[in-house]
A.B. asks: 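Here it is, the structure, as structure tokens.
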2 protein chains.
Amino acid sequence: MNTTLTNEQQRLARMLKALGNPIRFQIVEYLAASQSCITNDIVRALPLAQSTVSQHLKVLREAGLILGEIEGPATCYCLDVAGIQWLKEQIGNWLPGCCPSAGPLIQL
Amino acid sequence: MNTTLTNEQQRLARMLKALGNPIRFQIVEYLAASQSCITNDIVRALPLAQSTVSQHLKVLREAGLILGEIEGPATCYCLDVAGIQWLKEQIGNWLPGCCPSAGPLIQL
DNA sequence: CATCTATATCGTAAAATTACGATATGAATA
DNA sequence: TATTCATATCGTAATTTTACGATATAGATG
């Protein structure tokens, strides 16, 4: 076995790890539902301290799943659509030989 | 925000977390490439102790990504095709509104 | 039966993650 | 300018994960 992962595989694993945390999964779902944005909304919706939420947002940002933009005194977060798109494509094309009855996923 | 995840979302997060570890990601890729099986092959292919590999295999098993079957003195591992199929479907249908230019993934 | 082989599990140490309060920063506001 | 508000970062404690060696188990082999 090749003992290293390609850069793409590392990027994918990083995304999966970020999403594997239930809190972060929820944050992504929240951003998808609300379209936008303000960090404080997320903080108020979760039973966690502001600093903890900020830390989770950083992980999601560094994984390429969300984008943060400073808007005046606040920060507006939204999904990194390109990153999520890439993730979905990677998983869609992953292990193509694994599920022969299904075949690869095709993007419409 | 609903502060809990559905059972399906929890199952998905568990799979993503399991795959988010680079070693476990490699093990899954290895099993996909080799079709089968024997644990000791995986151990010899990785720079890790046998007990550590066994632990990773347990995590992958409990996440529903691989199956283990005792074959005489050894254990034969292979992908849990149904579980992986489910994962791919979940991700394919995930955040359908997120990437409007792409639309949902359709299974052929 | 004694031994070897393959594997899982146990106990534990080290490292990473997760959470918090406190603090720093920077923009808006009085 | 002083204050407030939103957020990021720091330091740290608690928890979880990851890794190892040792041990237990169960089937094969001499």
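No experiment lies behind these values; they were computed from the predicted model shown. Just so we're on the same page: letters track the sequence lines, and every chain starts at 1.
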A.B. asks: Restricting to pairs with a member in residues 67-79 of chain B, which pass salt bridge (charged side-chain N to carboxylate O under 4.0 Å, His left out), not counting sequence neighbours?
C.D. replies: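 Every candidate salt bridge (charged side-chain N to carboxylate O under 4.0 Å, His left out) pair involving residues 67-79 of chain B fails, so no pair, neighbours aside, qualifies.
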A.B. asks: Under the side-chain contact (heavy atoms from CB on, under 4.5 Å) test, which residues partner B:Ser51, sequence neighbours left out?
C.D. replies: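 Listed in chain order: B:Ala49.
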A.B. asks: What's the closest nucleotide to the side chain of B:Thr39 if the choices are D:dT7, C:dT9, C:dA8?
C.D. replies: C:dA8
A.B. asks: Is there a disulfide between A:Cys37 and A:Cys78 in this structure (defined here as SG atoms under 2.5 Å apart)?
C.D. replies: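 Answer is no, sulfur atoms not closer than 2.5 Å.
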A.B. asks: I'd like to check the side-chain hydrogen bond (donor to acceptor under 3.5 Å, both in side chains) partners of A:Glu29; sequence neighbours left out, ordered by chain and number.
C.D. replies: B:Gln9, B:Trp94
A.B. asks: List for me each residue that meets side-chain contact (heavy atoms from CB on, under 4.5 Å) alongside B:Thr39, sequence neighbours excluded, and say none if there are none.
C.D. replies: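 B:Thr39: side-chain contact (heavy atoms from CB on, under 4.5 Å) contacts with B:Val43, B:Leu57, B:Thr75, B:Tyr77.
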A.B. asks: Which letters describe nucleotides 18-30 of chain C, given B = protein heavy atom under 4.0 Å from base, S = only from sugar-phosphate, - = neither?
C.D. replies: BBBBB----SS--
A.B. asks: Give a yes/no answer on whether the side chain of B:Tyr77 brings an N or O atom under 4.0 Å of OP1 or OP2 in C:dA6.
C.D. replies: no
A.B. asks: Scan residues 13-20 of chain B against DNA chain D and write down, sorted by residue number, each residue with any heavy atom closer than 4.0 Å; if none is found, say none.
C.D. replies: B:Lys17
A.B. asks: According to a strict under-4.0 Å criterion, is B:Ser54 in side-chain N/O contact with OP1 or OP2 of C:dT9?
C.D. replies: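 So the side chain of B:Ser54 is outside the cut-off, no N or O lying under 4.0 Å from OP1 or OP2 of C:dT9.
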A.B. asks: A:Arg44: which residues meet the salt bridge (Lys or Arg N to Asp or Glu O under 4.0 Å) condition with it, sequence neighbours left out?
C.D. replies: A:Asp41
A.B. asks: Check for a donor-acceptor pair, side chain of A:Ser34 on one end and backbone N or O of A:Tyr30 on the other, with a separation under 3.5 Å.
C.D. replies: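 A pair under 3.5 Å: yes.
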A.B. asks: Can you give me every donor-acceptor pair (side chain of residues 14-21 of chain B, partner residue at least two apart or in another chain, under 3.5 Å) with its distance?
C.D. replies:
unit_1, atom_1, unit_2, atom_2, d
B:Arg14, NE, B:Glu62, O, 3.2
B:Asn21, OD1, B:Ile23, N, 2.8
B:Asn21, OD1, B:Arg24, N, 3.1

